[in-house]
Amino acid sequence: MKKDLDRRRFLKIAGTSMGVGALYTVWPSLGRSAEAAELARRLGAKTGEKPTPFTFAQLSDAHVGFDGPIGTRALERAVATINGLPRRPDLVLFTGDLTHDTEKPGEHAARMSLFREISGRLQVAKVYHVPGEHDAGLDGGELFRSVFGPTSYSFDHRGVHFIALDNVSRAKPEVGAEQRAWLAKDLSRFHATTPIVVFTHRPLFDLRPDWEWFTSDGDEVMNLLAPYENVTVLYGHIHREDHHTIGHAQHFAARSLCFAFPDPDKFEDKKAIPFDKDQPFKNLGLRVIDRTAGSAAETVRVQDVELAMSELSGTEGFDQLLKPATF
Amino acid sequence: MTRQSTFRVAAAGLALVASLLAVASPPARAQDEPRVIVITAKRFEFSPNQITLAKGETVKLQIKSEDVTHGLFVRPLGIDAEIAPGRVTELTLTPETAGTYRAICDHFCGAGHGGMKMTIVVRE
């Protein structure tokens, strides 16, 4: 058997811009070798689920009910795009602000129902949600929980541990001591090399605090995750793509499905990018579209966005993961 | 006029000046009290929406809400206050660095929350 296989690439998560939000792919990259099968078996025995290839998508900030020109069209388009993929993702993660808040009696619940009706058309095995402040900031998450259940939870999928974190229901941008204690307990059963995907609404680091693009106890959350070598954080809230590497963790933001915010490094004020009626989905969903000359067909150009488990992240996690002593 | 009488006149004059100063100025204890700035928060604005301080000046911010709970957050100045209705929230502040700082409401207060902000200018 070849001994110099790049074991760091044994299991890899990559994100692709495929038209809406982001699509992430997880696959064992040693192929079908006997060694790969044995490693997968051992990893499965450790984490509870044998890693096998799968994809998942992140969608964010639909703001159903927001009085804007795009309405729910971007959300509906996202659902249609995912349903039209030749290989549908196993999971879709919504990272908050499913709805735009209102205090008109019954109206917020109606908006939540409309979101659920549209997103319910997704033809995927599982859809997961976390709230944004527009979903849960005024009522402490009561309406969200009545529709979608708990605002923080975790689950395993094919060898990857997913954690939903709520940093909006306390009205201030914080996770809170109680949820951090739950997180510490949740993480405690995993080995340091377990692939972990955290999905939440606000950034867990100081991206632009004076635009409220931060979580006040984000450092404490990331300290809990620091011992884990393969951590990816997916979030929304900022209505634009963003990627930061902080320590072991990769932080990715998805675009909004309603309106876009500008580059915080270039603008002093947080004002939505003006709607372009000639390009209604600009900055909202389709990241790159190639229109073939003379054809009405649109082709989405795929761009790899490497996540925490690739060698490009610099992590040595999978080298360590594959050391026999860790099993 | 003798030297002694001259001294007495001068002493009386000093006493008069001292008593006049005592009348015209607040008591010595009050001179140490920081300047008080009252700020009112209501959805979705602060009033005033700009205040100006001097670098090194200690001021007391008295913040009250006219409706729901708001926040006042300025990371560089170390301000992170909860402003509940029905009470006055007091903050004592001594800015050490001149600059223009954006203060935001960081307690979600409704659909216009994202635009609720004010400016704190700190002059040299």
Side-chain angles (χ1 to χ4, degrees), chain A residues 61 63-68 96-97 99-104 107-108 111 131-141 144 166-174 201-202 205-219 237-239 256 258-259 261 264 267-272, chain B residues 39 41-46 48-53 61 63-87 89 91 93 95-122:
Chain A
D61 295 83
H63 284 266
V64 169
F66 179 75
D67 185 18
D97 282 356
T99 60
H100 204 67
D101 60 289
T102 171
E103 289 164 63
K104 187 177 172 185
E107 179 60 22
H108 199 190
R111 293 177 182 184
E133 78 277 16
H134 289 279
D135 301 309
L138 287 180
D139 69 355
F144 179 94
D166 171 4
N167 55 6
V168 301
S169 292
R170 296 164 63 86
K172 290 175 75 73
E174 64 187 13
H201 182 62
R202 291 183 168 113
F205 63 99
D206 279 2
L207 179 53
R208 179 85 196 244
D210 67 339
W211 286 11
E212 210 183 320
W213 289 6
F214 74 107
T215 299
S216 60
D217 54 355
D219 284 351
H237 188 59
I238 70 168
H239 292 216
S256 165
C258 188
F259 61 89
F261 281 127
F267 289 83
E268 190 53 37
D269 288 323
K270 185 180 72 173
K271 289 181 180 171
Chain B
I39 299 170
K42 66 177 181 181
R43 298 193 307 174
F44 300 100
E45 61 186 30
F46 293 102
N49 64 7
Q50 178 170 321
I51 61 173
T52 301
L53 317 176
L61 306 183
I63 317 160
K64 56 188 178 182
S65 169
E66 289 188 350
D67 42 38
V68 297
T69 299
H70 294 280
L72 186 72
F73 176 80
V74 195
R75 169 66 52 77
L77 296 178
I79 298 174
D80 186 4
E82 192 92 338
I83 308 159
R87 64 178 171 84
T89 300
L91 298 174
L93 173 68
E96 301 295 343
T97 307
T100 300
Y101 302 93
R102 184 200 310 268
I104 60 170
C105 172
D106 71 336
H107 187 114
F108 188 75
C109 58
H113 163 78
M116 186 168 170
K117 60 183 186 293
M118 65 174 289
T119 303
I120 298 177
V121 178
V122 179

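Per chain, numbering begins at 1; letters A, B, ... match sequence-line order. Both backbone and side-chain heavy atoms feed into the values below; hydrogens, waters and symmetry mates do not. Quantities reported herein were computed from a predicted structural model and do not represent experimental measurements.
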_For the interface with chain B, which of A:V168, A:D269, A:T102 has the highest count of heavy-atom pairs at distances below 4.5 Å?_
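Looking at each of A:V168, A:D269, A:T102 in turn, A:D269 comes out on top.
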*Picking from A:R170, A:K270, A:K271, A:E133, which has the most non-hydrogen pairs under 4.5 angstrom with chain B?*
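Option with the top pair count is A:E133.
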*Do the rings of A:H100 and A:H63 sit parallel, tilted or perpendicular, given the 30° and 60° boundaries?*
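The rings of A:H100 and A:H63 sit tilted, inter-plane angle from 30° to 60°.
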*Checking heavy atoms, do the side chain of A:F214, its backbone, both or neither come under 4.5 Å from chain B?*
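Contact with chain B: side chain only.
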*Measure A:E174 against the heavy atoms of chain B and call it side chain, backbone, both or neither at under 4.5 Å.*
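For A:E174, there is no contact with chain B at all, as no heavy atom is under 4.5 Å.
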*For the residue pair A:H201 and A:D97, confirm or rule out a side-chain donor-acceptor distance under 3.5 Å.*
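Side chains of A:H201 and A:D97: pair found under 3.5 Å.
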*Before accepting this row, confirm whether a basic side-chain N of the pair B:D67/B:K42 lies closer than 4.0 Å to the acidic partner's carboxylate O.*
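Salt bridge: no.
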*Would you say the side-chain atoms of A:D139 pair up with the backbone N or O of A:G141, donor to acceptor, closer than 3.5 Å?*
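Confirmed, A:D139 side chain pairs with A:G141 backbone.
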_Heavy-atom proximity to chain A below 4.5 Å, by part of B:R75_ =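 Contact with chain A is through the side chain of B:R75 alone.
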*Are B:F108 and A:H134 close enough, and set up right, to give a ring pair (Phe, Tyr, Trp, His ring centres under 6.0 Å), and what steps lead you there?*
CA-CA 8 Å; B:F108 188 75; A:H134 289 279; 5.1 Å; yes
